[in-house]
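So you know, we letter chains A, B, ... as the sequences are listed, proteins then strands, and number each from 1.
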Amino acid sequence: MFISNQDIAALLSRMAVLLELEGANVFRVRAYQNAAALIDKLPHNLADSKQEDKALTGLPGIGKDLAGKINEIIQRGSFRQLEELEARLPKVLLELIKIPGLGPKRARALWDNLSLQTVADLKAAAGKGKIRGLSGFGPKLEEQILQGIAFYEANPLRTLWADAENTAHELCSYLKQIKTVAQVEAAGSFRRKKETVGDLDILAVCPQPELVMQTFLRHPHVEKVISHGSTRSSVILRSGLQVDLRVVLGKSFGAALHYFTGSQAHNIALRKLAQQQNLKLNEYGVFRGERQLAGKTEAEVYQQLGLPYIPPELREMTGELEAAAAGKLPDLITLNKLRGDLHCHTSETDGALSLEELALAAQDLGYEYLGITDHSQHVTIAAGMDEKRLRRQLKAIDQVNAKHKDIVLLKGIEVDIMDNGKLDLPDSVLKELDFTVCSIHSKFNLPEARQTERILRAMDNPLFTVFGHPSGRLIGTRPGYAVNMEKIVLGAKERGCFLELNAHPQRLDLTEVYCRLAKETGVLVAISSDAHSRQGLDALRYGINQARRGWLEARDVLNTRPLGELRKLFKR
DNA sequence: GCCGTTTTCGGCCCGACTGTTTTCAGTCG
């Protein structure tokens, strides 16, 4: 039985939910939540290296008790208390708390009083007016529950960051039109550049909060107002996305931006840090007693607490506070540090642009080089190239390179890794290329050990340069194949290969956890667009978002290197 | 359930908004 860190995290997280439903101490619940969040982000598989309790209790927030439970999960896939709790509590409660407006207390009260089996039962009860009579409930809550169920049934998925960005820009520029609005910024997980966002948090500075609120609620995309106060309102847009707006005064902007950006765990830790210094941190500022010491800017807030500014992408409680205190925060990579792109497709296979059109587009973007990597023959659905067509393309590349001196096209290919670990084209032709991107497009369902072995065998070939979209996942659509990424990162280090961070907004493949592991291991990451069109080239900035969340600096990234150095690195 | 340069017990971040209440609990972020 293979237990991933994500499996362990999911079980601990489930325990937290069940304990909440039981009315357990909130701090006990939080202990499970914290442990789950921590383990979810660990790069090393806990199940792989047989963990002594001692090693586990070395992790912050994991004591003797949790260590024991984690070991039990690793050994047998679950733990006794969880199973007992699951047996005791009905499954429907777990569904009920997914309905907005229903937390553990209300869910429990409804279940106790209405003998519910399903969410549909609750809907029926609400429809018949059976909820309003219950103690603590009234007609408005009954209506709220009905609407919550409708929202629950619509089952809105988390929104891709790239999609949320459009909405964020639209709403921010809309609010900026108000003359007295000095600043508007989208905060939350959006500002932390998470792969997906659950809702959008927008912060505005204005001395007339009511005016901002009224304008916001009148936006044509607002479908429903959930709450509306003098400094804070929540709405649901027609797209299904929830947006929270908060209005503050300029002197609190930094503190509010910090609070609204999160993550929640980072906020909690920082507020604790403030307490230790006899200070109070809230969304209005840093205070000693009644006196505000900081709050206008985020930098000021951190400074008051004795820390350097921590970029939003790092605020996930994965060591950023320790790094900040030690003056060891990374100098995160920015888009302008990239000198080129190492993964794109032309109309020779499934791209939209010809070789020359793509070259000109890259030249317009100011790139020094562009790696041409069309598909290999095995990907028939994308019209993958055989040896003959590839050789023809190489000649075409020579011609474009001769004609356009401001951009260098690199000869590459996205070559399939076959299920036996061989590459899809013979070495004799791959040898003529500058580099290869080697990817998996078939046999996703091999067991972990075989999938990992397949990739390592492929990497044994000295013509293997970059491992393309390493997990194969599509966010929200398809999980990745089972692969031991630790072994892959190590394997790449030993063989002189590189890992791709595929920047397509639905891939973002490597995850931040393995970006960081690659960095620590000393494996360079190629941030590549996988463009199939002119617009596709712009995806690099999404890759930069992800790379920053993975603590990557310019020196950790392959395509920040000038062409000459790049060519040397390609030679293994 | 975790944790400790005041602590091995008694704390654990802090505030806005809503609805049901007559002063506060629940939810959310």
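Residues from residues 291-329 of chain A lying near DNA chain B, meaning a heavy-atom separation below 4.0 Å, are absent. Of the residues in residues 244-259 of chain A, those lying under 4.0 Å from DNA chain B by heavy-atom distance are A:D244, A:R246, A:Y259. Contact check of residues 120-128 of chain A against DNA chain B (heavy atom, cut-off under 4.0 Å) returns no residues at all.
Contacts of A:Q264 with the nucleic acid, taken as non-hydrogen atoms under 4.0 Å apart, include base atoms. Here A:N282 lies in heavy-atom contact (under 4.0 Å) with sugar-phosphate atoms only. Using a 4.0 Å heavy-atom distance criterion, A:T231 is classed as a sugar-phosphate-only contact. Using a 4.0 Å heavy-atom distance criterion, A:L270 is classed as making no nucleic acid contact.
Rounded to whole Å, atom P of B:dC17 lies 10 Å from atom CZ of A:F260. If you measure from atom CG of A:L102 to atom C1' of B:dT18, you get 14 Å, rounded to the nearest angstrom. Separating the NZ atom of A:K224 from the P atom of B:dT18 is a distance of 11 Å, rounded to the nearest angstrom. In this structure, CD1 of A:I226 is placed 12 Å from C1' of B:dT18, rounded to the nearest angstrom. The nearest whole Å value for the distance from the CD1 atom in A:I202 to the C1' atom in B:dG29 is 15 Å. Between the CD1 atom of A:I145 and the P atom of B:dT18 there is a distance of 17 Å, rounded to whole Å. Rounded to an integer number of Å, the gap from NE2 of A:H266 to P of B:dC14 is 15 Å. With rounding to whole Å, A:Q242 atom CD is found 10 Å from B:dG29 atom C1'.
Summary of the strand contacts: A:E283 and A:D199 both lie near DNA chain B, and taking for each the nucleotide with the nearest heavy atom, the more 5' one is attributed to A:E283. Where A:M213 and A:Q275 each meet DNA chain B at their nearest nucleotide, the meeting point lying more 5' is that of A:Q275.
Qualifying side chain to side chain contact (heavy atoms under 4.5 Å, CB included) partners for A:E223, counting only residues two or more places apart in sequence or in other chains: A:R238. Residues satisfying the side chain to side chain donor-acceptor pair (under 3.5 Å) test with A:S189, not counting sequence neighbours, are none. Every residue meeting the side chain to side chain contact (heavy atoms under 4.5 Å, CB included) condition with A:A324, not counting sequence neighbours, appears here in chain and number order: A:L307, A:P308, A:I310, A:L329. A search for side chain to side chain contact (heavy atoms under 4.5 Å, CB included) contacts involving A:Q292 returns A:K251, A:F287, not counting sequence neighbours. Every residue two or more places apart in sequence or in another chain that forms a side chain to side chain donor-acceptor pair (under 3.5 Å) with A:H44 is listed here: A:E486.
A:E320 and A:H266 share a donor-acceptor pair across their side chains, judged by distance under 3.5 Å alone. For A:R191 and A:T261, the side-chain atoms include at least one donor-acceptor pair closer than 3.5 Å. In summary, the side chains of A:R549 and A:Q546 do present a donor paired with an acceptor at a separation below 3.5 Å, with no hydrogens or angles considered. When only modelled atom types and interatomic distance are considered, A:E210 and A:Q214 share a side-chain donor-acceptor pair under 3.5 Å. Side-chain polar atoms of A:R548 and A:T334 form no donor-acceptor pair below 3.5 angstrom. Between the side chains of A:H219 and A:E170, at least one donor N or O sits under 3.5 Å from an acceptor N or O.
Relative ring orientation between A:F79 and A:Y32 is described as parallel, the plane-to-plane angle staying below 30° on a 0-90° scale split at 30° and 60°.
Side-chain N/O atoms of A:R30 include one lying less than 4.0 angstrom from OP1 or OP2 on B:dC13. Between B:dC14 and A:K272, no contact under 4.0 Å exists linking OP1 or OP2 to a side-chain N or O. For the OP1/OP2 pair of B:dG1 and a distance below 4.0 Å, the side-chain nitrogens and oxygens of A:R28 include at least one atom meeting the criterion. The side chain of A:Y284 places no N or O atom within less than 4.0 Å of a non-bridging phosphate oxygen (OP1 or OP2) of B:dC13.
B:dC17 and B:dT21 have their P atoms separated by 22 Å, with the value rounded to a whole Å. Using P as the reference atom, B:dA16 and B:dG11 are 25 Å apart when rounded to the nearest Å. To the nearest whole angstrom, the two P atoms, one in B:dT5 and one in B:dG1, are 23 Å apart. Between B:dT7 and B:dC12, the two C1' atoms lie 13 Å apart (nearest whole Å). Spacing between B:dG10 and B:dT6 at atom C1', rounded to whole Å, works out to 13 Å. Rounded to the nearest Å, the gap between the C1' atom of B:dT8 and that of B:dC3 is 9 Å. Rounded to a whole angstrom, the distance from the C1' atom of B:dC13 to that of B:dT23 is 23 Å. On the P atoms, B:dG26 is 14 Å away from B:dT20, given to the nearest whole Å.
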* B/S/- contact track for nucleotides 2-11 of chain B, protein heavy atom under 4.0 Å -> SS--------

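With a cut-off of 3.5 Å on both pairing distances, B:dT8 has no Watson-Crick or G-U wobble partner at all.
Here A:E72 pairs with A:R76 in a salt bridge; the nearest charged N to carboxylate O distance falls below 4.0 Å. Taking 4.0 Å as the cut-off between side-chain N and carboxylate O, A:E553 and A:K519 count as a salt-bridged pair.
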* Asked: Given A:S471 and A:R507, is the side chain to side chain donor-acceptor pair (under 3.5 Å) satisfied, shown in steps?
  -> CA-CA 9 Å; A:S471 86; A:R507 287 190 182 270; over 6 Å; no

* Under the side-chain contact (heavy atoms from CB on, under 4.5 Å) rule, what do A:Y259 and A:R246 come out as? Steps first, then yes or no, please. => CA-CA 11 Å; A:Y259 152 73; A:R246 180 108 187 207; 3.9 Å; yes

* Step by step, work out the side-chain contact (heavy atoms from CB on, under 4.5 Å) result for A:L110 and A:I131. => CA-CA 8 Å; A:L110 291 168; A:I131 288 175; 4.1 Å; yes

Contacts table for residues 13-20 of chain A: side-chain donor-acceptor under 3.5 angstrom, sequence neighbours left out:
from  : atom 1 : to    : atom 2 : distance (Å)
A:R14 : NE     : A:E86 : OE2    : 2.2
A:R14 : NH2    : A:E86 : OE2    : 3.0

Using atom types as modelled, flag every donor-acceptor pair under 3.5 Å from a side chain in residues 98-109 of chain A to any protein atom, sequence neighbours excluded.
from   : atom 1 : to     : atom 2 : distance (Å)
A:K98  : NZ     : A:E95  : OE2    : 3.1
A:R106 : NH1    : A:G101 : O      : 3.0
A:R108 : NH1    : A:L21  : O      : 3.3

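Closest contact between the side chain of A:S227 and the listed nucleotides B:dT18, B:dG15, B:dC12 involves B:dT18.
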Check nucleotides 19-25 of chain B for protein N or O atoms closer than 3.5 Å to its own N or O atoms and list the pairs.
from   : atom 1 : to     : atom 2 : distance (Å)
B:dT20 : OP1    : A:G138 : N      : 2.6
B:dT20 : OP1    : A:G138 : O      : 3.0
B:dT20 : OP1    : A:P139 : N      : 3.3
B:dT20 : OP1    : A:K140 : N      : 3.4
B:dT20 : OP1    : A:L141 : N      : 3.2

